[in-house]
Amino acid sequence: MRPGIAGKLLLAVLVLVLAACAAEAADFTLLGYYGNPLAISADGSVVLLFTAGDYYLLENGTLTLVSSLPGFPANAQPVDMSADGQVIAGNAATPARPSSYDEGFIWSGGTTTYLALDSNPGPVIHALSGDGSTVVGRDTYSGGLPIRWSGGVQTPLEDIVSAGIASPGSSLFTARALDVSYDGSVAIGYDKVTNNNCYQCDWAVRWNGSAVTRLDDLVVPPPPNPDVSWLQRAVVVSDDGLVIAGTTRGAPNQPQHFRLDPSGVGYIDETAYDSCNCQISDSSAHGRVLVGVRTPSVGSAGAGVWTTVKGFRFVADVLLDQGVSVPAGYDLNIAYLISADGRRL
């Protein structure tokens with residue numbers, strides 16, 4: 001559940017007490033210039049973050065250098081953390097390739113497990129499951145295609161071309177697995193495919209086990225052109241794997257982002273609040289709360305929170321509704337992460 005937005009910002013913890021997806025109370029706590037958040041524990045008490053050229057854990061206001069943890073790789077880039085904050089996954093540089101962070105690893109309880117520590121580049125990790133058992137990423141040694149790794153076993157993930165789902169004559173350029181459900185059984189991402197009508201089009205996909213589903217095939221009514229993708233990239237997935245959010249190929253004045261749940265595909269840009277070009281960076285465990293950036297058709301962009309009841313709103317407006325003002329001199333620019341219960345941003 002890692003955000004895909006870069007930039008050094010003031011990190012704040014925002015506590016929203018939610019009931020029926022409507023905030024009842026809120027508290028705003030500034031933590032200082034802590035840089036880019038990367039992952040948050042299920043209860044919001046532990047944050048993995050990058051700042052001042054290094055990686056830290058923030059817990060109860062205390063920063064701990066990740067590289068100081070027992071058994072943690074000395075030259076590593078963490079990317080994700082388990083729901084309990086006890087397992088960290090990332091990519092490390094090795095003596096054979098000191099400038100290439102291409103050896104995926106999982107750290108837990110003082111022990112580091114490498115996915116494939118040998119003379120070849122190993123799998124690169126993109127996300128860790130909430131239970132800490134499974135990672136998804138790409139195998140840089142064999143074409144950069146997506147993989148799932150669990151219990152010491154690496155499994156390639158099927159693509160829509162080899163599965164016979166893509167249009168006849170299509171060819172696969174690349175693919176990425178970007179997020180994974182709590183138990184590791186469902187992964188999401190995209191396949192980049194070329195055919196006669198679309199050059200390197202991204203197609204949002206879901207993997208159950210290793211079998212792939214093209215999310216366009218779940219849209220009702222179906223998109224008008226089967227050779228050109230409509231749902232482009234699946235970015236985040238709920239803990240149970242049933243809710244997926246991502247980007248569309250929408251042109252201006254069309255929906256830019258989608259949310260898929262068992263009832264079908266909806267578009268989070270179509271709200272009573274007003275139309276917007278938004279960016280999604282994380283999801284709560286149940287998928288009923290999404291966070292990211294909200295860019296309205298008129299006005300400035302800012303940190304946003306989307307719920308099934310209220311649609312996409314500025315976090316600052318949610319705070320004001322509860323009588324909490326953002327401290328003078330600060331703007332809420334990006335909501336990077338949200339805890340599993342949807343209460344802490």
Side-chain angles (χ1 to χ4, degrees), residues 1-5 9 11-18 27 29-32 34-52 54-74 76-92 104-115 125-137 149-151 178-185 187 236-241 281-287 289 291 334-345:
M1 296 175 285
R2 72 285 139 253
I5 312 172
L9 300 177
L11 175 64
V13 170
L14 167 64
V15 182
L16 296 177
V17 181
L18 301 176
D27 182 40
T29 305
L30 289 173
L31 300 176
Y34 286 138
N36 298 332
L38 301 173
I40 190 170
S41 62
D43 63 3
S45 65
V46 183
V47 178
L48 174 66
L49 57 98
F50 176 81
T51 183
D54 222 324
Y55 296 86
Y56 295 85
L57 290 176
L58 174 66
E59 185 172 10
N60 298 322
T62 300
L63 283 172
T64 300
L65 193 64
V66 172
S67 59
S68 70
L69 298 172
F72 201 87
Q77 296 178 340
V79 297
D80 208 354
M81 181 175 63
S82 61
D84 61 6
Q86 300 300 305
V87 182
I88 298 174
N91 303 297
F105 71 89
I106 299 175
W107 177 90
S108 177
T111 300
T112 295
T113 300
Y114 290 93
L115 274 59
I125 292 173
H126 293 158
L128 172 70
S129 61
D131 64 8
S133 69
T134 304
V135 293
V136 294
W149 187 98
S150 183
L178 299 180
D179 201 9
V180 63
S181 62
Y182 184 90
D183 64 1
S185 63
V236 296
V237 63
S238 61
D239 275 8
D240 58 13
S281 59
D282 202 11
S283 168
S284 62
H286 43 56
V289 184
V291 296
I334 300 172
Y336 280 95
L337 303 165
I338 188 167
S339 59
D341 61 7
R343 294 160 53 111
R344 291 169 173 83
L345 281 68

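Rounded to the nearest 0.5 Å, atoms CG (Leu38) and OG1 (Thr51) are 10.5 Å apart. Remark: Ile338 CD1 to Ser283 OG distance equals 7.5 Å, nearest 0.5 Å. The structure places CG of Asp179 at 11.5 Å from NE2 of His126, a figure rounded to the nearest 0.5 Å. The OH atom of Tyr55 sits 9.0 Å away from atom CG of Leu48, with the distance rounded to the nearest 0.5 Å. In this structure, Asp84 CG and Asp131 CG are separated by 9.0 Å, a value rounded to the nearest 0.5 Å.
Within the structure, side-chain hydrogen bond (donor to acceptor under 3.5 Å, both in side chains) pairs that include any residue of residues 40-50 comprise Ser41-Asp43, Asp43-Ser45 (at least two apart or interchain).
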> Would Tyr56 and Asp54 count as a side-chain contact (heavy atoms from CB on, under 4.5 Å) if you check the C-alpha gap in whole Å, the side-chain angles of each, and the deciding distance to 0.1 Å?
Replying inline: CA-CA 7 Å; Tyr56 295 85; Asp54 222 324; 3.9 Å; yes
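When all heavy atoms of Met81 and Leu57 are compared, the pair lying nearest together is SD-CD2, 3.9 Å. Between Ser339 and Gly44, the closest heavy-atom pair is CB-N, 3.9 Å. Contact between Gly90 and Ile125 at its shortest, heavy atoms only, is O-CD1, 3.5 Å. Scanning all heavy atoms of the two residues, the minimum distance from Gly132 to Val87 falls at O-CG1, 4.0 Å. The shortest heavy-atom contact between Gly130 and Ser82 is O-CB, 3.5 Å.
A donor-acceptor distance shorter than 3.5 angstrom exists from the side chain of Ser281 to the backbone of Ala335, with no hydrogens or angles considered. Not a single donor-acceptor pair under 3.5 Å links the side chain of Ser284 to the backbone N or O of Gly342.
Inter-residue side-chain proximity for Val180 and Val237 is flagged as unmet; no heavy-atom pair is nearer than 4.5 Å.
Between the side chains of Ser238 and Asp240, at least one donor-acceptor pair of N or O atoms lies under 3.5 Å.
With sequence neighbours excluded, the residues forming a side chain to side chain donor-acceptor pair (under 3.5 Å) with Ser150 are Thr134, listed by chain and number. Applying the side chain to side chain donor-acceptor pair (under 3.5 Å) test to Asp183 and every residue at least two apart in sequence or in another chain returns Ser181, Ser185. Judged as a ring pair (Phe, Tyr, Trp, His ring centres under 6.0 Å), and not counting sequence neighbours, the contacts of Phe105 are Phe72.
The only option from Leu69, Leu128, Asp80 that meets the side-chain contact (heavy atoms from CB on, under 4.5 Å) definition with Ile88 turns out to be Leu69.
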Going by atom type alone, with no hydrogens or angles, which donor-acceptor pairs under 3.5 Å involve a side-chain atom of residues 106-113 and a protein atom two or more places apart or on another chain?
unit_1	atom_1	unit_2	atom_2	d
Trp107	NE1	Pro70	O	2.8
Thr112	OG1	Gly71	O	2.6

